[in-house]
Structure formats: C-alpha cells, structure tokens
Amino acid sequence: METRAVRAGQRRTMEQEHAEPIFATSSYVFASAAEAAERFAGKAAGNIYSRFTNPTVRTFEERLAALEGGERCVAVGSGMAAIASTAFGLLKAGDHVVCSRSVFGNTTLLFQNYLAKFGVPTTFVGLTDYDGWAAAIRPETRFLFIETPSNPLTEIADIPRLAEIAHSRGCLLVVDNCFCTPALQRPLALGADIVIHSATKYLDGQGRCVGGAIVGGRELLDAEIYPFLRTGGPSMSPFNAWVFLKGLETLNLRMKAHCENALGLARWLEAQPWVERVHYPGLASHPQHELAARQQSGFGGIVSFEVKGGQEAAWRLIDSTRLLSITGNLGDAKTTITHPATTTHGRLSPEARAAAGIADGLIRIAVGLENLADIQADLARFA
Ligand SMILES: *Cc1c(COP(=O)(O)O)cnc(C)c1O
C-alpha cells in the first residue's frame with residue numbers, strides 16, 4: 001500500500017521528469033487522418049480529448065485503482081458526480097435501488113428527487129437492518145448503496161454480509177468508502193462491486209480541491225460507467241488530478257495519524273463529565289467495535305459525541321472553540337467541528353432526526369493532524 005500510494009500509475013515522458021506532470025491540454029494531435037479515424041473508431045489506443053482521457057487524470061485513476069485493489073477507476077469532478085455517474089451509467093427506467101438511510105445528504109436527494117424523476121424508485125433501509133435489506137430487494141433492483149462507517153454516528157455495516165445478500169439476489173453492492181479510504185478498508189476485497197470516493201475528503205486531505213472517483217471491475221466500468229463519463233462529461237480536471245496524486249502519496253501516513261488522534265480524543269471525551277456518550281468504532285463501548293476491528297485496519301478520523309444540555313450546550317461548546325474550524329467539511333489536516341442537527345441534517349423533520357439517532361446535543365468532529373493536546377485544550381474551554 002505504501003509503495004503503491006507513491007509509485008502506482010506513473011509513466012515518465014521523454015523528458016524523464018521525476019514528479020508527475022500536469023497535462024494542461026484539452027485535445028491531442030494525430031499523426032494522420034487515418035490515425036484519427038482509428039482512434040475515434042476505438043481501433044487504436046490513445047488520447048482524443050480530455051473529457052474522455054487525460055494522462056494526469058489517468059495516473060490518478062491507476063494509482064487509486066491500485067490502492068483499492070480494483071481493475072479500473074474512472075475519475076470525475078466531484079464525489080456527487082461519482083454517485084450520479086454510477087447511477088446514470090447502471091440504471092434504466094423501471095430499475096430499483098436500495099439505499100442506506102445513513103448516507104450523505106445529497107446522495108439521498110439524488111436518489112429521491114432525480115432518479116425517481118427518471119422512473120427509478122429507491123427504498124431506504126437502516127444500515128445494519130440486514131433483514132430489511134433482504135426484504136427491500138425486488139426483481140428489478142440493480143444495486144444496494146451504503147456508506148460505512150456512517151455519518152455522523154459511525155455505525156458499521158458488515159460488507160461481506162451485504163455483498164452476499166446483494167449477489168444472491170442478482171444485484172450489485174456499491175460502497176462509498178470516503179470515511180475509511182483504501183488505507184483502512186478495501187470494500188472490493190470484502191465482496192463489494194463498486195467503490196465510490198469523494199476525493200475532496202481524505203484522498204486530498206488538505207481541503208484544496210473537489211473531485212471524485214468510481215473503482216471496480218474493468219468490464220463493468222468500461223461497459224456501463226466510462227461511456228457515461230465520455231458522453232455526460234463530469235470529467236476531473238488535470239490540475240485537480242495532480243493535487244490528488246500529491247494527496248495519495250501521504251494517504252497511509254495521514255490516515256494513521258488521523259486514527260491515532262481520533263482514538264485519543266474519543267477516549268478523552270468519554271472521561272469528560274459534560275459528555276453524555278461518544279460514538280467512535282475504536283472504543284470498546286461502540287456496539288460494532290469487533291466488526292470494525294475485523295473489517296477495517298484502523299477506526300478512522302471521525303468522532304461524534306453528545307454533550308449534556310442539548311442544542312444550547314452544543315452550540316455553546318462549538319462557539320467556545322478557537323482552534324477548531326466550524327465547517328461541515330471533513331478529511332482535512334485541520335480539525336473541523338459540526339452540529340449535525342442544525343446543519344448537515346437540518347432539513348430532516350425532528351421525528352426523522354430522532355429516528356436517525358441525531359440528538360440535539362450531538363457534535364461531530366473530523367479529527368485533524370494538529371497536536372492532540374491542543375485539540376483537547378480547545379474543547380476543554382467549554383468546561
Ligand atoms: C462529501 C461526501 C460526498 C460528496 O462528495 P463531493 O466531493 O462533495 O461531491 C459523498 N459521500 C460522502 C460520504 C461524503 O462525505
């Protein structure tokens with residue numbers, strides 16, 4: 001993993017450059033009219049136009065595929081573009097999707113508002129309700145969609161178990177691996193068919209660019225996802241691909257540091273008298289601690305906790321910090337702090353929020369790479 005993160009996918013040009021170059025070109029030149037015709041007809045390999053392929057983007061795709069253990073990766077302009085491209089590539093009117101209730105807000109909206117408009121209904125199921133998943137599948141179901149660990153409560157789904165449920169009924173399992181990254185969890189090896197990334201988060205790791213990717217088997221991606229990229233056009237820019245390549249070089253090191261800081265913070269929070277409960281898969285108190293230990297090689301950088309005193313106390317705690325960034329983003333070197341009930345989950349009804357376990361006093365922290373003592377001291381201003 002460490003070596004792939006630094007080396008995979010690079011091909012030097014005749015200039016023998018050491019770092020990956022940025023190919024800032026929209027199109028490519030052919031040696032002759034006959035060569036142009038062959039490339040357009042798909043009879044000869046080679047670049048045509050950067051909406052289809054670009055060498056910097058391809059290096060990023062090959063490196064991420066190598067890290068995820070997938071045959072093929074298609075890079076796109078954002079995490080949501082990755083999910084939309086997967087949906088538009090795989091689905092047709094009359095198909096059906098089963099999706100976890102605990103997914104990124106815009107994923108829910110994409111399925112609910114847009115896929116429905118094109119004649120593809122979605123059934124939403126609790127992430128760990130395995131009977132519910134099996135019961136929701138219909139003959140026309142094309143894929144199941146999950147995120148594990150979930151946001152913000154860090155619930156863990158058993159990927160092999162869901163893959164078995166999906167495959168026994170003739171559908172695919174799609175896993176959004178944004179929270180763990182391939183440094184901590186490789187869903188394809190656990191039975192998933194497609195992995196989704198918002199490269200915006202830990203793959204970049206420094207909050208600089210928006211991007212996304214789809215990883216999976218070559219046949220499936222070439223036949224059903226890549227043609228949508230070529231025609232629909234949600235392509236990744238070469239500059240962003242270059243930034244993500246630089247991010248991937250340090251991914252393993254950063255994820256280790258995020259995990260270490262997050263575990264330290266979770267344990268410290270558990271000992272604070274103003275904390276009601278802490279959600280972190282690395283704690284023995286987490287209901288799926290053993291599953292997380294089996295399925296992941298680290299517990300991740302996201303910690304959430306309930307502060308005593310509900311929304312008033314949660315807002316007071318957030319406003320008392322001076323170091324932490326009050327922002328909804330995650331996967332950054334800088335620690336971020338969010339109040340899910342009034343931001344990321346603010347559009348849910350109070351009943352739906354309660355059903356999802358998002359308490360008014362819940363706070364989510366995406367633990368960054370600062371010194372742990374400084375993060376703790378900043379949170380302790382509240383006490
Ligand atoms: C941020 C995020 C997305 C969407 O990614 P963008 O790059 O913002 O489009 C999808 N899934 C998860 C889990 C995310 O955190």
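Each ligand, and each atom within it, is numbered from 1 in the order the structure gives.
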What pairs of donor and acceptor atoms, side-chain ones from residues 269-280 against any protein atom, are under 3.5 angstrom apart with sequence neighbours left out?
residue, atom, partner, partner atom, Å
E270, OE2, S285, OG, 2.7
Q272, NE2, W268, O, 2.9
Y280, OH, G300, O, 2.6

I'd like a table of the close N/O pairs between ligand 1 and the protein (anything under 3.5 Å), one pair per line with both atom names and the distance.
residue, atom, partner, partner atom, Å
ligand 1, 5 (O), S198, OG, 3.0
ligand 1, 7 (O), G79, N, 2.8
ligand 1, 7 (O), S198, OG, 2.8
ligand 1, 7 (O), T200, OG1, 2.6
ligand 1, 9 (O), G79, N, 3.0
ligand 1, 9 (O), M80, N, 2.8
ligand 1, 11 (N), D176, OD2, 2.6
ligand 1, 15 (O), K201, NZ, 2.7

When clusters are formed from ILVMFWY side-chain contacts under 4.5 Å, directly or step by step, what else is grouped with I22?
F239, W242, V243
If we ignore angles and hydrogens, is there a donor and acceptor under 3.5 Å between the side chains of S50 and Y28?
yes
Show every salt bridge (charged side-chain N to carboxylate O under 4.0 Å, His left out) that has at least one partner inside residues 286-295, sequence neighbours left out.
D158-R294
N47 versus R39, side-chain donor and acceptor atoms under 3.5 Å
no
Evaluate the criterion ring-ring contact (aromatic ring centres under 6.0 Å, His included) for residue pair F299 and H289; output intermediate values, then yes/no.
CA-CA 9 Å; F299 298 109; H289 173 62; 5.4 Å; yes
